[in-house]
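Residue numbers start at 1 and run along the sequence shown.
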Amino acid sequence: MKAAFKGFTRFRLAHRTVLSQSAKSISTAGGNGYEEGRKWNSAQNIAISSAAATWLAYEVYERNKNRVFLKEAKNDEVAIEPGKFVDGLPSYTLDEVAKHASVETRIWVTFKQGVYDITKFVTEHPGGEQILLAAGSSVEPFWMLYGVHKSNFVYEILESMRIGNLSEEDAKEAIKDMSDPYHNDPKRHKILKPASVKPFNAEPPSSILVDNFITPNDLFYVRNHLPVPEIDPETYELEIEFEGKTKTVILSLDDIKKFPKHTVTMSIMCAGNRRTEMTKIKAVKGLGWGNAAIGNAQWTGAKLRDVLTAAGYDVDSDEYKHIHFEGLDTDPTSKPYGASIPSWKGVDKRGEVILAYEMNGVPIPRDHGYPIRAIVPGVVGARNVKWLGRIFLSSEESDSHWQQNDYKGFSPSTDWDTVDFTKSPAIQELPVISSICKPIANQTVTVVDGHITVQGYAWSGGGMKIVRVDVTADGGDTWHVATFDGQDSNDPPQHWAWTLWTAKIPIPDGTENVELWAKAVDSNYNTQPESFKNIWNLRGVLSNAYHRVPINLQREK
């Protein structure tokens, strides 16, 4: 990038209320936490990064001819040395940097031994006041939190704003009390393939998904937005609040476990599953998920309907339209991950929404929401909030970033110049999808008795059941109906689990390679679109076109 390039990024985060009250049993506390503790956040539907330093290689905008547009950035291997002492530049002390913490005095920040004037960056940034949190100090704590910034592209933007140096002693002083916010993250199985490390997001090899109807906990894909919180089960509390009411109901983990136990077998899938296939049409913003950002497990806990009834709510009323969930995973400003679901889903007997404390018969692992996770069957993973700390019933949808400005679908012709997140609803139920897990792309497969074996999964949101999976090896001229190896017995609209399938595909003599296609049909007779071109969207979500896997063939010897 040229030194003249001017850029900035944005990273949105949700709001947060700090849990402060304690109780060992169901109790009430005065004060309207929503009205009093969140007024400051009501105007921030697009919450921005908690620091000026999150110039992520993520959403980088370039000014050119008075027009702002998205420029895709690559997380390339770091070759330059940002923050290195540069001869010929003036030197400053930490005290001098601290005096530059507002637009009036110019806004300076430090990174290692570098001093940077980001005043213009701030004034052009769409993010409001939160970007000022790093003003007059080091940006390194925030760069530790958002590891995806480590890119030549990002570092070159930073160095273009370089104005001076810190001494080596001052640079050490600036970060002497700093620790990696991810240093207490749990250990993960080495088979998981990271899409990002900080925060940790990873999927298993797709070939192992079809080995078992229930996905083992250690092999279940991981989707984290922030560091994994450490939560003491002895002091854990869940707050339940109601819009317009002054009381706050507080439940301990033991309180939740006293409710009747309910188990749901269900799949959870990330909205970005199979995103890498969509990027072959055109680049999108988002983690590079393959086809294994999905898993199927048995979740056990208390029904949300029972908990809300005990908290004094009439679950048969229409008083509230939305149920908000907030996690205990927070950014440096104590803002948590948040999402919401329609209230009818949360309280309907058939909805089977639970506050889960077990996953496959054991306490939920930390990566998957210990000690309590909101489990919302048939709904996108983003609404299954982990490390649940607060439930809030409201007339309005959650105003968190992940509800309002992410996890939404758009027309293939919508780009970052024209996108308006207010015009699209938040994703809840996901469309029907299928995927080939065996063989994998470009694998050499042996033809046995004139056939090859193909295995995969299929799933549909909203409690729909898979009724058929079709597989072809000749571009759709002939389709072969798969047999089901694993399928839950529940009827729709309470069929929450995936279906595992196998197809025997005939291969004509002399064929050296084929491209396998798979498509599923659900109990509403919804099926998958044929191509990604017609469903492409700038966030790379809802990637459910036919799954296509090219393979090479060999004959038995």
[Y] and [X], any side-chain heavy atoms less than 4.5 Å apart:
X      : Y      : answer
Leu209 : Trp498 : yes
Phe259 : Leu355 : no
Lys345 : Gln428 : no
Thr330 : Trp387 : no
Pro204 : Tyr221 : yes
Ser343 : Leu393 : no
Thr248 : Ile240 : no
Phe213 : Thr265 : yes

So, for [X] and [Y], which heavy atoms are closest and what is the spacing to 0.1 Å?
X      : Y      : result
Gly301 : Ile354 : N-CD1, 3.8 Å
Asn544 : Pro431 : ND2-CB, 3.6 Å
Phe200 : Pro194 : CE1-CG, 4.1 Å
Met278 : Leu542 : CE-O, 4.4 Å
Leu253 : Pro233 : CD2-CB, 3.8 Å
Met269 : Asn273 : SD-ND2, 3.4 Å

Does a side chain donor of either [X] or [Y] reach within less than 3.5 Å of an acceptor in the other side chain?
X      : Y      : result
Asn524 : Asp522 : no
Ser340 : Glu397 : no
Thr309 : Asp306 : no
His547 : Ser435 : yes

Worked check of side-chain contact (heavy atoms from CB on, under 4.5 Å) between Arg373 and Ile268: CA-CA 12 Å; Arg373 179 175 188 172; Ile268 296 181; 3.8 Å; yes
Electrostatic pair Arg305:Asp316 at N-O distance under 4.0 angstrom: yes
CA sep, side-chain torsions, deciding dist, call: Phe325, Leu304, side-chain contact (heavy atoms from CB on, under 4.5 Å): CA-CA 12 Å; Phe325 299 124; Leu304 178 59; 4.1 Å; yes
Kindly say whether [Y] contributes a backbone atom to a donor-acceptor pair with the side chain of [X] at under 3.5 angstrom?
X      : Y      : value
Lys465 : Ser523 : no
Arg539 : Phe410 : no
Gln528 : Ala545 : yes
Gln404 : Ser398 : yes
Glu243 : Ser395 : yes
Asn201 : Val197 : no
Gln487 : Ile466 : yes
Arg275 : Gly540 : yes

Trace of the side-chain contact (heavy atoms from CB on, under 4.5 Å) decision for Asp329 with Lys386: CA-CA 8 Å; Asp329 50 333; Lys386 299 188 279 188; over 6 Å; no
Distance in Å, Leu388 CG paired with Glu326 CD, rounded so as to fall on 0.5 Å steps: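 Atom-to-atom, Leu388:CG and Glu326:CD are 9.0 Å apart.
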Parallel, tilted or perpendicular: ring planes of Tyr320 versus Tyr313, cut at 30 and 60 degrees: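 Rings of Tyr320 and Tyr313: tilted, 30 to 60°.
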Plane angle bin for Tyr337 and Trp402 - parallel if under 30°, tilted between 30 and 60°, otherwise perpendicular: tilted
Check against side-chain contact (heavy atoms from CB on, under 4.5 Å), Trp299 and Met359: CA-CA 5 Å; Trp299 308 88; Met359 179 180 181; 3.6 Å; yes
Passing option when Asn360 is tested against Thr215, Asn296, Thr300, Asn217 for side-chain contact (heavy atoms from CB on, under 4.5 Å): Asn217
